[in-house]
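Notes to accompany the following structure.
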Amino acid sequence: MKFAIIMAMLSAWAVIVTAHTESTESWITSIWDDFKEAVDCASCQVLLGGLKLVAAFGESFMEDVLIGICDISGAEDSDVCAGVIANEGSAVHYSLTNLEIGSHTAKTFCASLVGLCDYPAIRPYNLTFPVPKPPTSRPPPSGKPAIKVVHFSDTHVDLSYATGSNYDCSKPICCRSYTEEDAPGNTSSPCGEWGNTKCDPPHRLQESMNAAIADLNPAFSIYTGDVVAHDVWLVNKAEALEDFNATYSAMETVGRVYAALGNHDTAPLNLFPSNQLPSEYNPQWAYDALTSNWLALTEIPSIETANQHGSYSAIHPNSNLRIISYNSIFYYKYNFFAYTEPMEHDPSSQFEWLVSELHEAEISNQRVWLISHIPSGNADHFHDHSHYFDQIVQRYEATIAALFFGHTHTDEFQISYSNYSAQNWDTAIAMGYIAPSMTPTSGPPSFRIYDIDPVTFGVLDFTQYIANISDPSYQIQPEWVPYYFAKADYGTKLEFPVTDKYSELTPAFWHNVTVAMENDPALFRDFWARRTRGFQVPECEGDCVSDEICALRGADAQYNCFVEKVGFSFEKRNGIEVEGAKPWKKLQPECNHAGMAPMLAKIAYQASLVRQ
Ligand SMILES: *[C@@H]1O[C@H](CO)[C@@H](O)[C@H](O)[C@H]1NC(C)=O
Ligand SMILES: *[C@@H]1O[C@H](CO)[C@@H](O)[C@H](O)[C@H]1NC(C)=O
Ligand SMILES: *[C@@H]1O[C@H](CO)[C@@H](O)[C@H](O)[C@H]1NC(C)=O
Ligand SMILES: *[C@@H]1O[C@H](CO)[C@@H](O)[C@H](O)[C@H]1NC(C)=O
Ligand SMILES: *[C@@H]1O[C@H](CO)[C@@H](O)[C@H](O)[C@H]1NC(C)=O
Ligand SMILES: *[C@@H]1O[C@H](CO)[C@@H](O)[C@H](O)[C@H]1NC(C)=O
């Protein structure tokens, strides 16, 4: 009822406004007013209604209006506003044009992008499985000597990195000669040769990390995506292809690698439409380029590439391990093409494909690793799809040895439970490992090496390596050294310590680690510091501790205790407190700080400051 009234008001208003003028200026003013008045779910719908009317005048008109609003809000430098909007405008136009005000899609939009609606309840959807769950469980460890597998992520190499250029610029990433003042020799804040925490890294850092990995002689490696740098307002197809080639060619020195698609691995970023959308939007060129890189790195000629949407399944040679790499960007809140009306339950039938791959593995007695970029329980994953995915994990828990993700740039993990109302060691059924980044924007460059059971492919232990960017010696030559050890630093701290080198780090083990963190503040503080490898560790006490532990136990995202609020991610850069925002979220380092969606969120935040 409320929405019907709003819609009626909007269309009456539209007639009046359009009768008088279609001038960009007046639309900029009225939409900026809508942003200032957007304080709750209903007013967010009014804002969307206004944006829809603007979109009805055509894509380029809409882009002009959005650029005008971005400029008045001061959300970004005006070249960044214009670049981002030009890149992602057609996707935003597509989704606004199709959006129905007040729908599940529109509420998800306001919930996940600007934090103005509550997340709508999960829409029921029954996945079908070829056969019922058999009464099997995880196999026990084999007791055979472990093999080594390296996991690295979020490399984001910047091929335009300029040693000596300004690291203290006003753009989302620095260490480039954007202006003459930023140039080497002119700036008083020069970037070192090996990177800076305000910049994506130079290519030589990846070469250094690759050499450190090769020295450890792993059986193989996994890479959970994000090749392309964060200059998102500039990245075009040519730059993305150059980045893919540079990063993946360099990886050949580390041996066999299984890789996954990152949200930055296309141009413009984040936009991966399902196969139900017009094919003109499909980034087939990115899928094709990546697939050829991946085929070369897996050294397996016949991997199954799943309709070419950035997913594949491969049997690791001479083993019973099936590695399934899937496209998690279909379920990412910054993918504007996902806001269809209604939102699809299973974009490009990827869940159906996952079920068929897992079924094959189950009947062939194989073990499975699922690798992907965005953790399914992360705050920026759609709740619906997180829940559907978790149902698949629940069904095949005895076959899935572990899941591996990146994206957050931080060192974390996520646990799935057979009953989220009874989270316990004996209901913990799957473990997702989230590896921190190589790019140093949220802590020292990092990779990890797992000890893996050669028969069950269960994780027995891991060692996290870092190159300490805060140490002066780093700029002479980064040194990759062990930072902490999972079993020695967590296993020994449990009520029933787990130290045997052949015992698996099971989902129950990690549940027990979270219990130990609840009981021992020092252990939580260790985890919390390791998250950013000791870099700018934010304060975390009281509710922060319980919310973070809740997030570790929230592989089904509806249970992760994250509440989106206007302005969460932007306070640090503006140095301003926002009422209602939890203080520790200010320093939450994310891979999310550039692009159209965060820009809209930032405009909403700037508008809220004006309102106050
Ligand atoms: C899902 O399956 C259950 C049990 O078979 C059924 O009761 C329910 O209606 C189904 N829901 C949907 C959305 O199909
Ligand atoms: C340094 O900046 C000045 C203007 O601010 C410009 O004239 C000069 O060319 C710049 N030098 C370099 C090395 O870019
Ligand atoms: C890809 O990178 C390699 C190694 O840097 C280089 O030799 C080659 O020319 C590049 N190919 C393309 C198409 O850019
Ligand atoms: C889940 O746990 C709750 C709380 O212990 C219990 O009431 C409920 O019956 C459980 N659900 C299932 C399906 O076992
Ligand atoms: C990194 O180096 C800095 C400066 O030497 C030091 O304070 C810090 O403890 C080091 N961090 C780690 C994780 O070793
Ligand atoms: C987890 O802790 C429980 C006691 O709360 C214990 O019975 C169980 O063996 C532990 N499991 C692991 C894997 O450490």
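Scope of the values below: all heavy atoms of this structure, side chains included, with no hydrogens, waters or symmetry mates. Order of appearance sets the numbers: ligands from 1, and atoms from 1 within every ligand. Model, not experiment: these values are computed from the prediction.
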Over 60° means perpendicular and under 30° means parallel, so tell me whether [X] and [Y] are parallel, tilted or perpendicular.
{"X": "Y484", "Y": "Y490", "answer": "perpendicular"}
{"X": "W510", "Y": "F413", "answer": "tilted"}
{"X": "H264", "Y": "H156", "answer": "perpendicular"}

- Query: Should you measure from each heavy atom of S470, which atoms of ligand 5 turn up under 4.0 Å away?
  - Reply: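 Reading through ligand 5 atom by atom, the close ones are 4 (C).
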Any atoms of ligand 5 less than 4.0 Å from a non-hydrogen atom of Y483? List them with their elements.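 Listed by number with element: 13 (C).
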Looking only at protein heavy atoms, identify the closest one to [atom] and say how far it is in Å.
{"atom": "atom 7 (O) of ligand 6", "answer": "W425 CZ2, 3.7 Å"}
{"atom": "atom 5 (O) of ligand 5", "answer": "D471 OD2, 2.8 Å"}
{"atom": "atom 1 (C) of ligand 6", "answer": "N512 ND2, 1.5 Å"}
{"atom": "atom 13 (C) of ligand 2", "answer": "P184 O, 3.9 Å"}
{"atom": "atom 6 (C) of ligand 2", "answer": "E180 OE1, 3.4 Å"}
{"atom": "atom 14 (O) of ligand 2", "answer": "A183 CB, 3.4 Å"}
{"atom": "atom 4 (C) of ligand 6", "answer": "F496 CE1, 3.7 Å"}

Notebook entry, point to check: Can the SG atoms of C191 and C199 be said to lie under 2.5 Å from each other?
Noted result: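 Between C199 and C191 there is no disulfide, given that their SG atoms are not under 2.5 Å apart.
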* Looking at D453, D451, D461, which hits salt bridge (Lys or Arg N to Asp or Glu O under 4.0 Å) with K148? ->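 Looking at D453, D451, D461, the match for K148 under the salt bridge (Lys or Arg N to Asp or Glu O under 4.0 Å) is D451.
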Requested in this report: Report, in ascending order of atom number, the atoms of ligand 2 lying under 4.0 Å from any heavy atom of E181.
Outcome: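 This gives 4 (C), 5 (O) as the contact atoms.
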Is the NZ or CZ atom of [X] positioned over [Y]'s six-membered ring, under 6.0 angstrom from the centre and within 45° of the axis?
{"X": "R367", "Y": "F457", "answer": "no"}
{"X": "R525", "Y": "W528", "answer": "no"}
{"X": "R448", "Y": "Y433", "answer": "no"}

Kindly state if atom 9 (O) of ligand 6 has a protein heavy atom within a strict 4.0 Å cut-off, that is, under 4.0 Å?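 Protein heavy atoms within 4.0 Å of atom 9 (O) of ligand 6 - there are none.
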Using a strict cut-off of 4.0 Å, indicate which atoms of ligand 6 neighbour a heavy atom of F509.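 Here the atoms of ligand 6 in question are 13 (C).
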Show the atoms of ligand 6 that are less than 4.0 angstrom away from any heavy atom in T506.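 Once the distances to T506 are compared, the set is 13 (C).
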| task | Supply the atom-to-atom distance F447 CZ to Q464 CD, rounded to the nearest 0.5 angstrom. | result |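 Taking CZ in F447 and CD in Q464, the distance rounds to 8.5 Å.
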So, taking the atom named CG in D77 and the one named SG in C169, what distance separates them when rounded to the nearest 0.5 Å?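 D77 atom CG to C169 atom SG measures 8.5 Å (nearest 0.5 Å).
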Query - Proximity winner for atom 3 (C) of ligand 2, if only heavy atoms of D182, N186, T187, T179 are counted - result: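 Minimum heavy-atom distance to atom 3 (C) of ligand 2 goes to N186.
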From the options T532, I466, I469, N468, select the one whose nearest heavy atom is closest to atom 2 (O) of ligand 5.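 Minimum heavy-atom distance to atom 2 (O) of ligand 5 goes to N468.
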